[in-house]
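Quantities reported herein were computed from a predicted structural model and do not represent experimental measurements.
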Number of protein chains: 2
Amino acid sequence: MPAIELDRIDRQILDLLQDDAHLTYQQIAERVNLSASPCLRRIKRLEEAGIIKRYVALLDPQKLGLGLLAYVSVKLEKRGAKPLENFRAAVQTWPEVVTCLAMTGEMDYLLRVHCRDLEHFTHLVMERLMTRPEVMDVKSSFALERVKDTTALPVPQ
Amino acid sequence: MPAIELDRIDRQILDLLQDDAHLTYQQIAERVNLSASPCLRRIKRLEEAGIIKRYVALLDPQKLGLGLLAYVSVKLEKRGAKPLENFRAAVQTWPEVVTCLAMTGEMDYLLRVHCRDLEHFTHLVMERLMTRPEVMDVKSSFALERVKDTTALPVPQ
DNA sequence: TCTGAAAGTCAATACCG
DNA sequence: CGGTATTGACTTTCAGA
């Protein structure tokens, strides 16, 4: 997967698709001053290079009843690779956990968690997280306000 | 915007679209055992209710040269609403900052930041963040490994 | 590489059970 | 609610500049 060269038009296309993946190729072509077929070719190239990973629908957590957004710091015991593997496998099975990152600093893992309410969250932490033997410490923090929350990455250069 | 009732098929559709928004209505219809037109009607209903917010392309940060993922905790001075407004407006203009949440606990804001490298990150923090008068304290932590990072929300019930 | 045209596919609506 | 059928629009490929 090569580090592909992106020109100005490629970057424009990426910005457009990060904002609205339902634009037709014709609409994209118009906005970057191209006709549909070279535009399509560029997009296919970006997909094949893996720069465009996928197309997804974004849902509104509030409207799904997921009113509580929490970040959870998790400290694991440090005895070999096994507890780590167990923990990571468990995380993949919890749909409320949308992000799990190993972080520098005091805490081992930082989790982003969408829950219905505090009861739901409490259940997740107490019954699922804390019952795991490899989990040593857990600290939670809740989102009061979502100032910015986008999936759009800056396209460099 | 009503709190719409979702049945099993709606939830299936949402799960499919959260995974791949490029499925055709016919493909979705087949997978939920429906024909295309009622399937389309359901999707339009989900869009109009705002449950489906938008469709976007997801890019690969590594392939864009954005190898550094950081979380930054920011503490603001607590003198009136003005510094808050200034800070929030500034955040919107920084494309590297993809998430900015007001949080409970010690720190006021938690930022998720995609940068090329430590130099880029340092510039962002030193020249853009710390130069703001309302910013009192900044603590950074870096992602060592991305165990899970999805946009797909659990669809409850 | 792009443009433009042609062919096949799909989206979206209307209409019927 | 669900299905079928139709039309227009779009995607995708190919020839030519």
Side-chain angles (χ1 to χ4, degrees), chain A residues 1-60 62-65 151-153 155-157, chain B residues 1-60 63-65 151-157:
Chain A
M1 219 70 94
I4 254 182
E5 271 301 308
L6 301 180
D7 65 14
R8 193 180 49 84
I9 294 180
D10 290 322
R11 291 192 290 274
Q12 277 183 280
I13 290 173
L14 291 175
D15 285 335
L16 288 168
L17 286 175
Q18 284 196 107
D19 184 61
D20 182 3
H22 264 195
L23 290 171
T24 66
Y25 296 129
Q26 298 182 9
Q27 289 173 312
I28 296 168
E30 284 170 27
R31 298 188 196 191
V32 301
N33 292 313
L34 229 57
S35 63
S37 72
C39 186
L40 174 65
R41 219 162 350 100
R42 281 168 180 267
I43 292 169
K44 293 300 166 200
R45 177 172 150 270
L46 293 167
E47 292 169 357
E48 275 152 30
I51 291 175
I52 297 175
K53 267 198 298 195
R54 58 209 304 224
Y55 299 92
V56 299
L58 299 182
L59 309 188
D60 186 326
Q62 319 286 352
K63 298 231 168 79
L64 287 173
T151 55
L153 299 177
V155 182
Q157 178 102 355
Chain B
M1 217 73 92
I4 253 182
E5 271 301 308
L6 301 180
D7 64 14
R8 192 179 50 83
I9 294 179
D10 290 322
R11 291 192 289 274
Q12 276 183 280
I13 290 174
L14 291 174
D15 285 335
L16 288 168
L17 286 175
Q18 284 195 107
D19 185 61
D20 182 3
H22 263 194
L23 291 170
T24 66
Y25 296 128
Q26 297 182 17
Q27 289 173 312
I28 296 168
E30 285 169 27
R31 298 188 195 188
V32 302
N33 292 313
L34 228 58
S35 65
S37 93
C39 186
L40 174 64
R41 266 203 298 268
R42 282 169 178 267
I43 292 169
K44 293 300 167 198
R45 177 172 151 270
L46 293 166
E47 291 169 359
E48 276 152 30
I51 291 175
I52 298 175
K53 266 199 297 195
R54 58 209 302 224
Y55 300 92
V56 300
L58 299 182
L59 309 188
D60 187 324
K63 299 230 167 81
L64 286 173
T151 56
L153 299 176
V155 182
Q157 179 99 356

For [X] and [N], give me the distance from atom [atom1] to atom [atom2], rounded to whole Å.
X	N	atom1	atom2	result
A:Ile43	C:dT1	CD1	C1'	16 Å
A:Gln26	C:dC10	CD	C1'	13 Å
B:Leu34	D:dC1	CG	P	11 Å
A:Leu23	D:dA9	CG	C1'	15 Å
A:Ile28	D:dA9	CD1	P	19 Å
B:Ile13	D:dC1	CD1	P	11 Å
A:Gln27	C:dA11	CD	C1'	13 Å
A:Glu30	C:dG4	CD	P	13 Å

Inset, instruction - Pick base, sugar-phosphate or nothing for B:Arg45, based on heavy-atom distances below 4.0 Å to the nucleic acid. - result: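 Result for B:Arg45 = nothing.
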Inset, instruction - Select base, sugar-phosphate, or nothing to describe what B:Thr24 touches, counting heavy atoms under 4.0 Å on all strands. - result: sugar-phosphate
Distance, nearest 0.5 Å, that separates [atom1] of [X] from [atom2] of [Y]:
X	Y	atom1	atom2	answer
B:Leu6	B:Gln157	CG	CD	8.0 Å
B:Leu46	A:Lys63	CG	NZ	12.0 Å
B:Leu153	B:Asp15	CG	CG	10.0 Å

Legend entry - Between B:Gln27 and B:Arg31: side-chain donor-acceptor atoms closer than 3.5 Å: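 B:Arg31 and B:Gln27 do not have a side-chain donor-acceptor pair below 3.5 Å.
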For [N], does either OP1 or OP2 sit under 4.0 Å from a side-chain N or O belonging to [X]?
X	N	answer
B:Arg41	D:dC1	no
A:Tyr25	D:dC10	no
B:Arg42	D:dC1	no

Inset, instruction - Map B:Asn33 and A:Leu40 onto DNA chain D by nearest heavy atom, then report which one ends up closer to the 5' terminus. - result: B:Asn33
Inset, instruction - Please report the closest heavy-atom contact between A:Gly50 and B:Asp60, naming both atoms and the distance. - result: O-CB, 3.3 Å
Inset, instruction - Counting heavy atoms from C-beta on, name the nucleotide in C:dC2, C:dG4, D:dT12 closest to the side chain of A:Ser37. - result: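 So the side chain of A:Ser37 is nearest to C:dG4.
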